[in-house]
Amino acid sequence: MTTTSQADTAANADQNANAITFDSFGLDARILRALTEQGYTKPTPIQAQAIPVVLLGKDVMGAAQTGTGKTAGFALPIIQRLLPLANGSASPARHPVRALMLTPTRELADQVYDNVARYAKHTDLRSTVVFGGVDMNPQTDALRRGVEILVATPGRLLDHVQQKSVNLSQVQMLVLDEADRMLDMGFLPDLQRIINLLPAQRQTLLFSATFSPEIKRLASSYLTQPVTIEVARSNSANENVRQTVYQVEDGQKQAAVVHLLKQRAAQGLSRQCIVFVNSKIGCSRLARHLEREGINAAAIHGDKTQTERMQTLEGFKNGTIDALVATDVAARGLDIPDMPCVINFDLPFSAEDYVHRIGRTGRAGASGDALSVFQPGDERLLVDIEKLIKRSIPRATLDGFDPTGERARGEDAERRRARSEVRRARGESEERPRRKDGNGSGQRPVFRPSDDPFFSRPYEPSAGSAAATPKPEEAAIAALGRGRTAPKRPLAALLGGVPRKS
DNA sequence: AAAAAAC
């Protein structure tokens, strides 16, 4: 295919954008070297649009879904613009921050920072990240030593501001990443407080999945003659994603998800999958169920400690975990490249969240599967989704799905749980020396029915992450008992399972 | 109806 087609369509513009390379932006050799090492040569459409504009110092209003390469789109030109500060002429530690990047979630902050650090690797620019849920002291130390680029979630940043461990009076560039999400989460007052600490003379980049009236109001308050950059049409699901819904009877969703996962494995498709669940409790429960079915699964949600959340993500990225069972903490922002498959165990309450969830797959031209299971009562949610994406999602049946055995067991969850405890104890005692705590080496046990050829890959926890995962009882307590709003429950209730609501 | 985020 050539790029000299006559039709001057948007798709064509994207193609032309893809035809150029990073060299053509005039980026510094140190940045290009880092990009080459990462294996990046061609900018994505949003990078091709954003980089020149940011380099010119203009404000940007960017509509970009996750997975479009948005982070590099702002990080690369920001690094380039800050380069004169590097090379020994770094700013004094008293008021060093020159670029501030704000994100709604801790994971996103960490990932943006990770990207920045990689792109700036061969420069003298210093960067760090601050977010809540972890010890403040190491963050304070890093801030005191001085950084040019700071990535942060709003709450913890204000904490540091209050403690006077950071001075924002020299910030020249501000990035509001996933701004719609930040507004959704009630960060507006925090954002206003932070922005009021910054010089009025600065460059501001705002990225958002949608341009809602609230976002437009935010932009008109804090941006100056912004250049609008839009890549994917907002509210429209990616064309490369094959969406399918499966209607199942009440109480069969768990079995259906197990079936889908095993079927994919049987077909030789990648096992890596994010499974979305609406509630934190349901999230932990489904992860436990998948593990009992021999699937390497782990839950990630807001009641997990920050350490657990990071370990889980790390395990997912290095392949120790196949199924990441997540609440909407993972719907936006989490930078997990090339997800082959997303499954909705619950249809999301809001149709917009559906778009964000399935936006985890089919990125940058790759294809992906977005599968959803739903029960008859969820029909209305599905209608809302189809209305938003302006498309009907094909219904399909689960090939060879026999829910009866699974459902029969489902009706006796207590007994099933007890049986799995016994199975676990036996499995552990055969393979690993048992300690007094009855949990072998302390590693998270994974059940792998030997008669199931699809799940016969050996379980190899990585030294630093999965091996440090707490035993399931502790995880269950952490999942249910932590957090400001989590109900306090007696230990027996936690270990025996939480009674289903309503 | 839920989740997320500062202590």
Side-chain angles (χ1 to χ4, degrees), chain A residues 66 101-112 129-140 143 151-166 176-194 197 208-209 253 274-287 299-306 308-310 312-313 324-334 344-357 360 374-375 377-382 384-385 479-480 482-487 498 500-502:
Chain A
T66 32
M101 303 171 179
L102 298 177
T103 75
T105 67
R106 300 163 180 175
E107 277 81 6
L108 184 54
D110 201 35
Q111 283 153 8
V112 169
V129 59
V130 300
F131 50 74
V134 294
D135 191 0
M136 278 190 85
N137 292 329
Q139 299 178 353
T140 305
L143 291 172
V151 188
T153 52
R156 178 55 69 94
L157 177 62
L158 283 171
D159 240 3
H160 282 293
V161 166
Q162 225 161 19
Q163 303 210 354
K164 304 225 189 303
S165 42
V166 64
L176 303 173
D177 200 9
E178 309 268 354
D180 52 340
R181 187 73 169 159
M182 288 201 275
L183 294 191
D184 285 353
M185 289 166 59
F187 275 140
L188 182 59
D190 285 356
L191 288 183
Q192 290 169 327
R193 229 168 286 151
I194 291 167
L197 298 169
S208 176
K253 289 202 298 184
I274 301 184
V275 185
F276 282 106
V277 183
N278 284 354
S279 73
K280 291 181 277 200
I281 288 176
C283 180
S284 290
R285 187 186 288 144
L286 179 62
I300 186 165
H301 56 66
D303 279 352
K304 296 281 189 188
T305 64
Q306 201 53 40
E308 286 171 327
R309 282 161 63 163
M310 290 194 285
T312 301
L313 267 188
L324 183 70
V325 186
T327 60
D328 280 317
V329 67
R332 309 187 198 202
L334 287 200
N344 286 304
F345 173 79
D346 293 319
L347 289 176
F349 295 121
S350 98
E352 257 187 34
D353 283 339
Y354 177 84
V355 177
H356 284 289
R357 287 180 179 185
R360 314 305 325 177
F374 73 104
Q375 297 171 352
D378 301 332
E379 196 80 49
R380 209 185 59 77
L381 294 172
L382 194 55
D384 287 348
I385 290 166
L480 297 169
R482 280 212 187 85
R484 290 188 282 277
T485 55
V498 180
R500 189 181 281 273
K501 272 191 289 182
S502 76

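Quick note: numbers below take in every heavy atom, side chains included, and nothing from hydrogens, waters or symmetry partners. Numbers restart at 1 for each chain; the letters A, B, ... are given by sequence-line order, proteins then strands.
- If you measure from atom CD1 of A/Ile281 to atom P of B/dA2, you get 10 Å, rounded to the nearest angstrom.
- When heavy atoms are screened at a 4.0 angstrom cut-off, A/Gly133 is found touching the sugar-phosphate backbone but no base atom.
- Nucleotide B/dA1 holds its P atom 16 Å from the CG atom of A/Asp353, rounded to whole Å.
- For A/Arg106, whose side chain is taken as the heavy atoms from C-beta onward, the closest listed nucleotide among B/dA6, B/dA1, B/dA4 is B/dA6.
- Within the nucleic acid shown, A/Pro104 comes within 4.0 Å of sugar-phosphate atoms alone, with no base atom in reach, counting heavy atoms only.
- For the pair A/Met182 CE and B/dA6 P, the interatomic distance rounds to 12 Å; values are reported in whole Å.
- Remark: P of B/dA5 and CG of A/Asp303 are 10 Å apart, rounded to the nearest angstrom.
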Show, in sequence, the C-alpha distance, side-chain angles and deciding distance for A/Ile281 and A/His301, and conclude whether the side chain to side chain contact (heavy atoms under 4.5 Å, CB included) test is met. CA-CA 9 Å; A/Ile281 288 176; A/His301 56 66; over 6 Å; no

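- Between the CG atom of A/Leu108 and the CG atom of A/Leu102 there is a distance of 11.0 Å, given to the nearest 0.5 Å.
- Atom C1' of nucleotide B/dA5 and atom CZ of A/Arg181 are separated by 11 Å, given to the nearest angstrom.
- Among residues two or more places apart in sequence or in another chain, the side-chain hydrogen bond (donor to acceptor under 3.5 Å, both in side chains) test is passed with A/Thr140 by none.
- Distances shorter than 4.0 Å separate some side-chain N or O of A/Arg309 from OP1 or OP2 on B/dA5.
- For A/Pro154 against A/Met182, the heavy-atom pair with the smallest separation is CG-SD, 4.1 Å.
- Scored by the side-chain hydrogen bond (donor to acceptor under 3.5 Å, both in side chains) test, A/Gln306 finds A/Arg106 as partners (sequence neighbours excluded).
- Heavy atoms of A/Asp159 sit under 4.0 angstrom from at least one base atom.
- Rounded to an integer number of Å, the gap from A/Asp184 CG to B/dA4 C1' is 10 Å.
- In this structure, A/Phe276 places its CZ atom 12 Å from P of B/dA4, rounding to the nearest Å.
- For B/dA1, neither phosphate oxygen OP1 nor OP2 lies less than 4.0 angstrom from any side-chain nitrogen or oxygen of A/Ser279.
- Candidate nucleotides B/dA6, B/dA2, B/dA4 were compared by shortest atom distance to the side chain of A/Thr327, and B/dA4 ranks first.
- Atom C1' of nucleotide B/dA4 and atom CE of A/Met185 are separated by 4 Å, given to the nearest angstrom.
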